[in-house]
Amino acid sequence: MEKITSFSIKYGFIIVMIASFVGFGLAEPAFWGWHNLFSILLGVTIYGILALGVTFTLVTDGLDLSVGSTAAMSVMMASYFMVVMEMSGIAALVTCLIIGALIGLVNGLLIVKIKIPDLLATLGTMFLIQGLQLIPSGGRSIGTGMMLPNGDEAMGEFTEGFLYLGQGRVFDMIPTPVIFMLALGIVVYVVLEHTRWGRVFYAIGGNAEAARLVGANVDRYRIMAYVLSGLIASFGGVLLAARVGRGDVSSGAGLLLDAVGAALIGFAVLGARKPNAFGTIVGAIFVGMLLNGLTMLNLPYFWQDFIKGAVLVAALAFTFSLAKQR
Amino acid sequence: MEKITSFSIKYGFIIVMIASFVGFGLAEPAFWGWHNLFSILLGVTIYGILALGVTFTLVTDGLDLSVGSTAAMSVMMASYFMVVMEMSGIAALVTCLIIGALIGLVNGLLIVKIKIPDLLATLGTMFLIQGLQLIPSGGRSIGTGMMLPNGDEAMGEFTEGFLYLGQGRVFDMIPTPVIFMLALGIVVYVVLEHTRWGRVFYAIGGNAEAARLVGANVDRYRIMAYVLSGLIASFGGVLLAARVGRGDVSSGAGLLLDAVGAALIGFAVLGARKPNAFGTIVGAIFVGMLLNGLTMLNLPYFWQDFIKGAVLVAALAFTFSLAKQR
Amino acid sequence: DAPAPFDGSKKVHIAMIRQMVEGEFMQMYQAGADRQADLMGIKLTTFGKNMDNQAQANFVYQAINMGVDGIIIDHGLTETMKKPAADAIAKGIPVVAFDVDLQHPEVNQIAQDDHMLGELSLKALMEDYNSQANVGYVYVAGILPLDKRHVAFEKVKEANPGIKEIARTGTLESPFSVKNAEQVKAVLRANPEINAYFAPFDEFGKGVIMALEENNMTDKVKVYTADISTQDIQLMIKDGSPWAATAATNPAAIGAVSVRAIAKKIAGEELPKDITIPPMLFTQQMLKDAGVKNMKQLRAKFPKFNHVERAMAPWIPVDKKGLF
Amino acid sequence: MTDKRGIEVRNIGKSFGATRALDGVSFDFKPGEIFAMVGANGAGKSTLIKIICGYYPDYEGEILIDGELKQFSSPHDATNAGIATVHQIINQGVVQTMTVRENLALAELLNGDGGSVLYRPAQIDARAREIAAKMGLDDIDFDQEVSELEQSERQMIAIARALATNPKMLILDEPTSSISERETEKLFETLFRLKEMGVTILYVSHRLHEIERIADRVGVIRDGTYGGVLDAPFNVRQIVTAMVGEIEHVDRHAPVIDGSQTPKIEVRDLVIEAGQPPINLKIHKGEIVGVTGLIGAGKSELASVLFGLTQPVSGEILVDGVPIYSKSVRAAIDNGIFMVPEDRANNAVVADFTIRQNITLPFLQKFFSNPLGLLKHGHESREATRMVKAMGVKCESELSNIGELSGGNQQKVVVARWLMTTFNLLILDEPFQGVDIRSRHDINAHIHANRGDRAILMLAADLDEVLEVADRVVVMNHGQIVGEQHITDIDRDTLLHWTSQSPEDLKLQA
Ligand SMILES: Nc1ncnc2c1ncn2[C@@H]1O[C@H](COP(=O)(O)OP(=O)(O)OP(=O)(O)O)[C@@H](O)[C@H]1O
Ligand SMILES: Nc1ncnc2c1ncn2[C@@H]1O[C@H](COP(=O)(O)OP(=O)(O)OP(=O)(O)O)[C@@H](O)[C@H]1O
Ligand SMILES: [Mg+2]
Ligand SMILES: [Mg+2]
């Protein structure tokens, strides 16, 4: 009995995932195609990446609500730099990452130094950035040929290299963003689970006071978590810009909730009951797989939110109720 | 010095509020008109009401992310009941409130009984309801004359009385939703500050274990907080339906963040540094006033998000940094 | 010789109250309206919070409180906006509406001919495919212009049994194009027989294009849409672009028409109750032949698109340079 | 030439907003001595410690180590300088969500100066074992999460970790407040060994008998100011006088028990855990019964059953001869059974509530008039003020947040909340944890003066504490009651023997 419970907690989620994988494939063989599997992965890259950033803040017992708008900011800025200011792709990339890290730094300082609770501080910066990102372009989408305020046309273009970040394929097969997501996932996993820093992050999340008293520089680590979150979010935004090929004003909105959702589903993976990189990625992929499969079965879009929610609730209820029994 | 600090903490927010009130009026005299002031209040009713529900959950140290979609659910259900099922306005109202309370109950049980962390549980129900609300109408907005799946037209109508909830004016002057918001605000204020239930809610938020050991039925109170949050959110949804006069699919979108924002700005009002009903309402009105004033000054929409965020961050930074110095 | 109050007797103040503010179409509409107001020396105040219907109703009252001379209502829900509009008219403030039926005899209705928009795009499709096509469709119910275009599609399917709808998706979740692309990709995998796509809204169209590109299917499926913008043009003229045709009105022109219409009303001039703006069809070939790369050039090469001869008057200056 | 070695603090001052916690305090701590620091609750002991260990980098005054001026900007700096600290609040010393292993090796895990950034499980495990071995903690499960551990085990982890750093100075802030006699002995042995090795030990405790026994010198802090230093030999009396002045004697007036009377409270054949022998206990009107026993002897479990927190397997609880059944805390309270729990910070205090709000919490209905249920401010304020006065809580006003009070004063508030109304049984679980002698005396006096014909059950691992309060001492061991003595014929040796019997001995007796 004990064993069954602990097995269920540990592998229940994975089993459900495999079962749905098999189920979808039986119902619609195209689901199992290599190409489709990569499409699923590609579909979750952006919010999967954001979710990795969110994981950092969750681990330190915080939460960054500004990741969605930071990513959107990055989309608009990357486009603005290349299209209007005619910067090179690499310069645009680096500048975006710097901006993302700075946003994270501001969040971190507000939370750690001014001691504003995390939800409040990041909700504030979320609104702030959401507005800020639209100011340079006056609220318009940014693409080559767009009219500038002085009546000229913007002549810059997304560089080839930059577009490759979002649209390239490695070995003509694996989309580059997928590589980025998996690589980042592995890095975050290793950092959190197998380095001392990771232990410090978790220790701070468990008891910041204790960590401080044994000599960890808690403030610096917590700020670092937000900086990483901002940095990763802006990288997600860069990939999104590269995929879309222009600065689309509608970018950020849905990203936040999807990213937070993925990170939270990660709680249920392998019965972790705490934020963890592996779970985050698996959670993101699971949601992507469900949406892909259900679309193939021609389920209307509003069923998708419902199912996303039902899965999240079921996974959590399962994990937590079993864990409680133990 | 001491005195100045504590005065600033206590009245800083109110002073900024009065200053902006004066400033807007000087720039645009129409701002001060009675009618405009009621417009401002009317503009914040829906999310102000939702924010009151959020306040309950914040007080018990939780957070209900599903309020926005509960309200949206209520919009769709009210419309469905009246337009498709041709129920009376009062029956639709009551049924919606019951649904809202039930959603809250589910949240409460997930959190208290299965012990899923609050953010996770309510994020799950948020997605779930967001999908669920669209299922009865197949994802379409609900209005008189809409096509039903069987090819008939829906013949029901929003009743006069129901519409009055959202569009009526008391003394030909004060919009009914404003009355509801203020009345509900007063009720929530009295309950939280001046009844023993409120005291227990706060005690639970401060130290749930201590509250349990002085005999409070902590589980019941926490469930109650979510039920109230759901109930209030669905009431907000009913008012929204009555204002819009139609079951519009896009209703819920911005509500969550605006409601949470208002409740959080409430932390800064009178230097409370904790969730409180008075601050919530004042926070909501402040944001509404800013948006109204800035629109009058013809500021583009994207500046509004920016300013909303800047105000939130500034108010919080001010309150918390001063409080820290003390 | 302009009529009062445009004779310089006072600065006319107009409110434009919007349901949607984001997106290319909406931005161009705004730009057109701003430009026209500028030319006429009108103060134009824009009210809008994206997709917040009750806020839109509030804004009407706020505009009334500000004592504006006229109100343009741009999109919105009939049920929500008809009462505020009636209240404004009762206060003596004239109202015109774009793409929302306000059900009031004194409101002039401006609309792009959405039905025709759908028809034109589908006509191009039928020509290209000889009325035999397996069509993928992107549609979200409950949005008025999309619903009208949807009706056109239903009619075409009825009249042409060779046009088959194979699958339908659509979402308004942002980021728009990416979320739609994910869905379309899954549909294309599950239904390889699809050889044409009807996505009567350019934001949907971009999602389809992205899906085709990422699936390496740009040579297998052609896409038919509605609306046009610089970015759309860029995508259409790209080498090997699957974007075959789009039917569009000029949003900037509609913006200008809206301002002219309300101005004429304020001046007390005659104005037809319904002002419809006819769309034009642009095929990939037309654009390539004309060497058009952006909206500015498009307007220069297709003057009919730019100059919508609606709500004109000798005293109203029009934008000759065609800035948008 | 004075000896420059050791650690010297000069003219230390520290304010928290309007509170002046320390003002011009100077001490010198010599190598190879155990320096005990005493002072009433809120005197500033913990604050001084946090200054020395780098937690509060902004203070007035100077810290010299071996004659050299030092300024630590973080606990990390202090650790590097060879200062190891065990803090008063144990839960500030462990990370509950991590395993025992990780907690033992926490310093290595979090700092690992110069070492690899990689987390090396094997290394950490070895280190954890080494640390555990020093304190004889080998029987603890290394993979357990600390959240599942007892308070005493948590404290042992924190102590073990501090000892393991081979410090130059070891600071212990009330290390014995929640560990048992046996563990205390082990700790003292270690301290004596470290002393031999020349380590400076700064020891803070409210258990003055301990100090009498182990300290070489005693430094006194009085209200944040320097209160003098006593050199050995000294006795408890002298320490008390130096600390808080003379303390008058508590009138005990143990009631005369008439065995034929119905006891106020009777616990009859109560089985708490299946398979355990039943517990029987009578408490008469006006009687204060003290229960002692080692950590984990089952005292708190008995208390939880009486208080309705957990349900017994079988057996009865009778009040005035009438069986009652408490299926919840509320029901227990309604039956007149109250409890002050042992873990004050986690289970008793609502830190961001005012003193007043904390006092009135269990009996809110009294202060909220029906039917509207609105608060009667005046009534609440009067009652709270009365209790604050009666218990001698040291505070600015009853509207201060309780979180700003010192531990002892918080404890007085927590006790006060239950004394507002009449009761049948008051359970005090480790009521004097971290409470200074004066406050203990105040609480004790108050309880004695107001016992009336009610029953009081006091649970404490420390025999001295029990003897201070109880009329009768009951010893628990492995979940059973193994013996009792009246206060008039106490024999310490027998009591200690009872507490330390092994399960086998107990079986033999049975
Ligand atoms: N973080 C803080 N903020 C405000 N005041 C504080 C803080 N820490 C301590 N104080 C105040 O400083 C004074 C000294 O407290 P401290 O904890 O040092 O006393 P102590 O001697 O250790 O008492 P105890 O024996 O109860 O542990 C008290 O008045 C306390 O209220
Ligand atoms: N939360 C718990 N989880 C696991 N075991 C527990 C728990 N609480 C108590 N126990 C076990 O129950 C037994 C009695 O513990 P109890 O807390 O009653 O002891 P105690 O005599 O009150 O000691 P203390 O001085 O620590 O309060 C011990 O063996 C202990 O390990
Ligand atoms: Mg202390
Ligand atoms: Mg105990």
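All values below come from the heavy atoms of this structure, side chains included, with hydrogens, waters and symmetry mates left out. Proteins come first, then strands; the chains are lettered A, B, ... in the order of their sequence lines, and each starts at number 1.
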query = In terms of ring plane angle, is the pair B/F235 and B/F180 parallel, tilted or perpendicular, where the classes change at 30° and 60°?
reply =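 Ring orientation of B/F235 relative to B/F180: perpendicular.
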request  = Give the ring-plane orientation class for C/F59 versus C/F47, where under 30° counts as parallel, over 60° as perpendicular and anything between as tilted.
outcome  = tilted
task = Measure across B/A51 and B/A259 and return the closest heavy-atom pair with its distance rounded to 0.1 Å.
result =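 Looking at all heavy atoms of both residues, the shortest contact is CB-O, 3.3 Å.
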ask   = Which pair of heavy atoms, one from B/A284 and one from B/Y47, lies closest together, and at what distance?
value =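 Nearest heavy atoms, B/A284 then B/Y47: O-OH, 3.7 Å.
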task = Cation-pi check, C/R149 to C/F204: give yes when NZ or CZ is under 6.0 Å from the six-membered ring centre and within 45° of the ring axis, no otherwise.
result = no
key: Six-ring centre of C/F153, C/K155 cation under 6.0 angstrom, axis tolerance 45°   = no
task = Give me the contact list for residues 293-300 of chain B versus chain C, heavy atoms only, anything under 4.5 Å, ordered by residue number.
result =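 Counting heavy atoms that sit under 4.5 Å from chain C, the residues of residues 293-300 of chain B involved are B/T295, B/M296, B/N298.
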message = What residues of residues 28-37 of chain B make heavy-atom contacts with chain C at a cutoff under 4.5 angstrom?
response =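 Residues in range: B/E28, B/A30, B/H35, B/N36.
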Nearest-0.5 Å distance, [atom1] of residue [X] to [atom2] of residue [Y]:
X	Y	atom1	atom2	value
B/M73	B/M126	CE	CE	14.5 Å
C/E203	C/Q231	CD	CD	8.0 Å
C/M28	C/I254	CE	CD1	9.5 Å
B/L26	B/F21	CG	CZ	10.5 Å
C/D147	C/E154	CG	CD	11.0 Å
B/R246	C/T80	CZ	OG1	7.5 Å

ask   = Salt bridge check: are C/K179 and C/E182 linked by an N-O gap of less than 4.0 Å?
value =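 Looking at C/K179 and C/E182, the cut-off is not met.
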task = Look at B/K308 together with B/D305 and state whether they make a salt bridge at an N to O cut-off of under 4.0 Å.
result = yes
request  = Determine, using ring centers only, whether B/F38 and C/Y61 are less than 6.0 Å apart.
outcome  = no
request  = Taking heavy atoms only and a threshold strictly under 4.5 Å, list by residue number the residues of residues 81-93 of chain C that touch chain B; give 'none' if the list is empty.
outcome  =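 When heavy atoms of chain B are the reference, residues 81-93 of chain C contributes C/K83 within the under-4.5 Å range.
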message = Using a 4.5 Å heavy-atom cutoff, which residues in residues 63-71 of chain C come close to chain B?
response =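 Within residues 63-71 of chain C, near chain B: C/N65, C/M66.
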ask   = Would you say the side-chain atoms of B/T45 pair up with the backbone N or O of B/V178, donor to acceptor, closer than 3.5 Å?
value =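 Checked: no pair found.
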query = Checking B/L42 against chain C: side chain, backbone, both or neither under 4.5 Å from a heavy atom?
reply =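 It is both, since atoms from each part get that close.
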Option among C/I72, C/V60, C/V107 that satisfies the side-chain contact (heavy atoms from CB on, under 4.5 Å) test with C/V95 = C/V107
